[in-house]
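Letters go in sequence order (proteins before strands), and every chain restarts at 1. Hydrogens, waters and symmetry mates play no part in the numbers below; they use all other heavy atoms, side chains included. These numbers come from a predicted model, not from an experiment.
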Amino acid sequence: EPEVTQTPSHQVTQMGQEVILRCVPISNHLYFYWYRQILGQKVEFLVSFYNNEISEKSEIFDDQFSVERPDGSNFTLKIRSTKLEDSAMYFCASSPEAEKLFFGSGTQLSVL
Amino acid sequence: GDSVTQMEGPVTLSEEAFLTINCTYTATGYPSLFWYVQYPGEGLQLLLKATKADDKGSNKGFEATYRKETTSFHLEKGSVQVSDSAVYFCALSRNQAGTALIFGKGTTLSVSS
């Protein structure tokens with residue numbers, strides 16, 4: 001069964017460094033998403049992406065964040081200058097249509 | 001804004017016990033409601049959904065009914081198994097492609113034999 005793949009599963013970085021989290025969505029899906037979950041808190045929406053542009057973003061998704069679909073298969077989330085409070089589990093998701101999201105197993109980002 | 005509130009966990013049950021995980025929501029309009037499940041080491045998976053008032057979603061023995069009058073979507077299962085141990089997330093959607101799912105905090109269920 002097709003699945004969403006995220007790499008790496010764990011990422012440790014120093015505060016102020018740039019990180020890129022990678023996702024390979026399911027191949028025939030059209031909508032792509034990033035969510036995050038800070039330990040003990042809700043799963044929070046960051047951004048959705050359709051037709052090579054952002055379709056919706058939350059207040060969390062500020063200028064430090066960017067997304068890209070560089071080669072038609074990968075979907076990346078870049079954090080330009082990480083802060084301690086960016087430590088979280090980051091989930092990528094894709095969907096063929098509204099609401100039917102398929103999630104990856106997540107990347108645990110630790111900012112030291 | 002839209003939000004979802006779930007009961008705090010963890011929930012610890014013995015095998016074959018009855019499960020209820022409460023979920024209430026706040027939303028404008030008529031959202032769709034979901035339960036997602038996350039097994040250890042895996043991503044979130046859609047468990048069941050309901051798209052309008054009084055709809056009942058069901059899957060793998062789990063059920064939830066969309067109650068508009070109480071703005072609730074409680075998850076139930078009559079007899080849990082050890083393999084049901086996971087984190088359960090209630091969520092809502094504004095029914096537009098590419099828009100956000102709004103999640104609750106998640107409730108951890110632990111079932112022992």
Side-chain angles (χ1 to χ4, degrees), chain A residues 1-7 9-10 23-26 29-61 67 69 75 88-108, chain B residues 1-10 21-27 29-52 55 57 59 64 66 73 86-108:
Chain A
E1 186 176 331
E3 59 181 25
V4 176
T5 305
Q6 288 187 245
T7 55
S9 56
H10 293 87
C23 171
V24 179
I26 295 172
H29 286 187
L30 302 177
Y31 302 91
F32 313 108
Y33 310 81
W34 282 102
Y35 287 79
R36 77 175 186 189
Q37 186 178 29
I38 295 170
L39 187 64
Q41 299 186 23
K42 295 186 177 188
V43 175
E44 301 172 296
F45 169 73
L46 295 179
V47 65
S48 59
F49 193 85
Y50 170 71
N51 200 26
N52 286 319
E53 60 183 28
I54 291 172
S55 51
E56 186 180 4
K57 61 182 181 179
S58 71
E59 293 176 353
I60 302 167
F61 194 86
V67 289
R69 191 157 158 78
F75 180 53
M89 178 73 85
Y90 287 80
F91 293 104
C92 174
S94 67
S95 66
E97 60 190 56
E99 303 176 352
K100 206 175 210 178
L101 271 64
F102 293 78
F103 283 83
S105 55
T107 294
Q108 181 64 55
Chain B
D2 297 350
S3 67
V4 173
T5 303
Q6 287 180 238
M7 64 186 285
E8 294 285 330
I21 300 178
N22 290 337
C23 171
T24 57
Y25 68 91
T26 302
Y30 303 95
S32 292
L33 301 174
F34 306 83
W35 279 99
Y36 277 79
V37 58
Q38 185 181 27
Y39 298 104
E42 299 183 17
L44 283 75
Q45 304 172 24
L46 179 63
L47 180 60
L48 54 83
K49 65 184 270 189
T51 56
K52 61 183 188 296
D55 266 4
N59 186 25
Y66 190 143
F73 193 56
V87 183
Y88 292 82
F89 294 89
C90 185
L92 68 80
S93 164
R94 282 171 277 137
N95 297 320
Q96 291 177 324
T99 60
L101 282 177
I102 309 297
F103 284 91
K105 277 191 180 184
T107 303
T108 299

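Remark: side-chain polar atoms of Y35(A) are paired, donor with acceptor, to backbone N or O of L101(B) under 3.5 angstrom. K42(A) places a side-chain N or O within 3.5 Å of a backbone atom of V4(B) that can act as its donor or acceptor partner.
Of the listed residues (Q6(B), Q45(B), E42(B)), the greatest number of heavy-atom pairs within a distance under 4.5 Å of chain A belongs to E42(B).
Among residues two or more places apart in sequence or in another chain, the side-chain hydrogen bond (donor to acceptor under 3.5 Å, both in side chains) test is passed with Q41(A) by none.
Interatomic distance, F102(A) CZ to L46(B) CG, rounded to the nearest 0.5 Å: 8.0 Å.
The side-chain heavy atoms of F34(B) and L101(A), taken from C-beta on, include no pair separated by under 4.5 Å.
Looking at Q37(A), only its side chain comes within 4.5 Å of chain B, counting heavy atoms on both sides.
Nearest heavy-atom pair across F89(B) and V43(A) is CE2-CG2, 3.4 Å.
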